[in-house]
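Every number for a ligand or one of its atoms is a count from 1 in the order of the listing.
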Amino acid sequence: MKKLMAANWKMHKTRAEARDTARDLVGLIADKLPQDREVLLIPAFTALVDVAQSLAGVPGFLTGAQNFYPETHGAFTGEISPAMLADAGATHVLTGHSERRHVLSESDTMVGRKTAFGLGAGLGVILCVGETIKERQASRVAEVLGRQLSAGLADVSEDLAQRLVVAYEPVWAIGTGVTAQTSDILQAHALVRAKLKELLPVGGASVRILYGGSVKPDNAGEIIGLDNVEGVLVGGASLAADSFSRIVLA
Ligand code: PEP
C-alpha cells in the first residue's frame with residue numbers, strides 16, 4: 001500500500017503562488033520520492049488547472065480538490081460537480097473535512113451523500129473524520145468515529161470503496177500546533193480500521209487511513225511509521241515547499 005502524503009492548501013494561494021509551490025515541490029522531491037509514497041496537492045478551485053499542469057507527467061504526484069456538490073449539474077449556484085473537478089485535472093477530493101462540518105455546518109448525511117457520489121463519479125475520495133476536544137474529554141471518541149464512518153459510508157459499496165481513503169483528523173489538533181500523542185493516534189486508527197472492516201468486510205482492510213492534525217517536518221517520520229497510518233493530510237505545514245518536502249521525505 002503506497003503512503004499518501006496530502007497537502008490541503010485550504011483558502012490560500014493565488015494561481016501563480018500555487019504554480020510556484022508545485023514547481024518547487026517537484027524540484028525538491030521528484031527524484032528522491034520513494035516508490036512506496038505518492039504526493040497529493042489539494043489547491044483551491046481556481047488553481048486546480050495550474051497545479052495539474054505543473055504536475056503533469058511527474059511520477060507519484062497527483063492533484064486533488066477540496067469540495068464539490070453531489071449532483072451532476074443544475075441550479076446550484078456557487079457549486080461545482082465532480083466531472084468539473086476531473087475536467088480541471090483533479091483525481092481526488094476531500095469530504096467531511098472538519099472545517100466543512102464545523103464552519104460550514106455540513107451534516108453527517110450530506111457527507112455521506114458526497115462521499116458516495118464522488119466515488120461513483122470516479123474520483124478518489126478522502127473522507128475525513130474526527131472528534132472535538134469536548135467529545136474526547138467525554139470519552140466519546142469511538143462513538144463519534146463510528147457514527148461519522150457509518151454515515152459517511154452509508155451508500156458506499158465494496159466496489160466504490162476501492163477508491164476510498166479515510167483521514168483521521170482530531171478537530172482539536174487541526175491548525176492548533178497540538179499533535180495527537182502517538183498512543184491516541186494508534187488507538188483512533190485501530191478504531192477506524194475495525195469500523196472499516198465491519199462496514200466493508202472485503203475491502204476495509206486495504207482502505208488507506210491518513211492522520212491529520214498539526215503534522216510537521218519533525219513529527220512526520222514517527223507518525224508515518226505507526227500501525228494503520230498509511231499517510232498524512234497536512235494543512236499549515238504544507239503551504240511552504242521546503243516544509244512539505246521534508247514531511248513527504250520524512
Ligand atoms: C487539515 O487541514 O486537514 C490539517 C490537518 O491542518 P493542519 O495540518 O494545519 O493542522
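Here Asn8 has side-chain heavy atoms under 4.0 Å from ligand 1, and that is the only part of it that gets that close.
Looking at Gly175 next to ligand 1, an N or O pair under 3.5 Å apart turns up. Taking distance alone, with nitrogen or oxygen atoms compared against 3.5 Å, Glu99 stays at or beyond that limit from ligand 1. Here's the thing with Leu233: none of its N/O atoms is less than 3.5 angstrom from an N/O atom of ligand 1. Ligand 1 has no nitrogen or oxygen under 3.5 angstrom from a nitrogen or oxygen of Thr176.
Close approach of ligand 1 to Gly236 is summarised as follows: ligand atoms under 4.0 Å from at least one heavy atom of the residue are 7 (P), 8 (O), 9 (O). When each atom of ligand 1 is checked for a heavy atom of Gly213 under 4.0 Å away, the hits are 5 (C), 10 (O). Within ligand 1, the atoms closer than 4.0 Å to a non-hydrogen atom of Ala173 are 10 (O), numbered from 1 in the order shown.
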Exercise for review: Decide yes or no on side-chain contact (heavy atoms from CB on, under 4.5 Å) for Val234 and Val215, but give the supporting numbers first.
Suggested key: CA-CA 6 Å; Val234 188; Val215 174; 4.1 Å; yes
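Phe117 has its side chain out of reach of Asp155: every pair of non-hydrogen atoms, C-beta onward, lies at least 4.5 Å apart. Counting heavy atoms from C-beta on, the side chains of Leu196 and Val166 come closer than 4.5 Å. Two residues are said to be in side-chain contact when any heavy atoms from C-beta on lie closer than 4.5 Å; Leu160 and Val125 fail this criterion. At a threshold of 4.5 Å between non-hydrogen side-chain atoms, the residues Glu38 and Leu62 count as touching.
Of all protein heavy atoms, the one lying nearest to atom 3 (O) of ligand 1 is Glu169 OE2, 2.7 Å. Counting only heavy atoms of the protein, atom 1 (C) of ligand 1 lies nearest to His97 NE2, 3.3 Å. Nearest to atom 8 (O) of ligand 1 among the protein's heavy atoms is Gly235 N, 2.8 Å.
When the options Arg113, Arg147, Arg100 are evaluated for a salt bridge (Lys or Arg N to Asp or Glu O under 4.0 Å) with Asp108, the one that passes is Arg147. Exactly one of Ile126, Leu119, Val156 qualifies for a side-chain contact (heavy atoms from CB on, under 4.5 Å) with Arg163. That residue is Leu119.
Geometrically, Lys114 engages Phe68 in a cation-pi contact, judged by NZ or CZ lying under 6.0 Å from the ring centre and within 45° of the ring axis.
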